Amino acid sequence: MLNLVIYPDPVLDKVCTEVTIFNDHLKSISQEMFALMYKSNGIGLAAPQVGLTDRIFVMDVDNKKRVVINPKIVKETGLGGIEEGCLSFPGIRVKVDRSMFIDVEYYDESGALVKEKLSGLEAICFQHELDHLNGKTFIDILSSTTKSFIAKKLERQKREQRT
Ligand code: CO
């Protein structure tokens with residue numbers, strides 16, 4: 001059973017490593033990640049958010065499920081952005097600048113190379129999850145004062161949930 005990692009946690013800062021073995025274990029991990037993502041009402045979930053450090057994330061925007069492994073953005077245009085949420089930051093929303101059109105390459109869970117053009121929410125979600133694989137979260141654009149305020153708020157929430 002995978003559990004959701006809530007900020008602050010050192011695993012969220014880890015740069016993840018390339019996946020080299022495409023096997024049944026990888027498939028079952030991705031299925032468990034989908035299950036946890038749906039249970040948490042998210043549209044994307046990346047490996048560090050479940051305590052893993054492999055370059056894999058799952059996403060489901062507009063009922064299009066994707067298992068994304070070793071992702072790359074090969075071209076990006078069009079500056080935009082929305083207020084984003086993140087399952088590792090319950091209740092926090094941050095407006096982030098993103099590219100609105102991206103050409104991407106990644107491998108699916110069976111090891112097949114996928115090339116796609118994404119736009120809008122799909123493009124935003126892909127960039128948000130790819131940042132996680134590089135140890136970055138959506139609050140990295142904020143000042144250190146705001147970040148420590150958010151950290152304290154989430155730690156307080158965690159403590160209150162336990163009691
Ligand atoms: Co996130």
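Keep in mind it's a predicted model, so treat the numbers as computed, not measured. Atoms within a ligand are numbered from 1 in the order they appear, just like the ligands themselves.
Between R66 and D108 there is no salt bridge, since no side-chain nitrogen of the basic residue lies less than 4.0 Å from a carboxylate oxygen of the acidic one.
Within a radius of less than 2.8 Å around the Co ion (ligand 1), the protein N, O or S atoms are C86 SG, H128 NE2, H132 NE2.
Under the side chain to side chain contact (heavy atoms under 4.5 Å, CB included) criterion, A151 pairs with Y7, P8, not counting sequence neighbours.
Within the structure, side chain to side chain donor-acceptor pair (under 3.5 Å) contacts touching residues 42-56 (residues at least two apart or in different chains) are Q49-S88, R55-N134. Sorted by first then second residue, the ring pair (Phe, Tyr, Trp, His ring centres under 6.0 Å) pairs that include residues 59-86, not counting sequence neighbours, number zero.
In this structure, CD1 on I141 lies 9.5 Å from NZ on K147, to the nearest 0.5 angstrom.
The closest donor-acceptor contact from the side chain of D62 to the backbone of K64 lies at 3.5 Å or more, if one exists at all.
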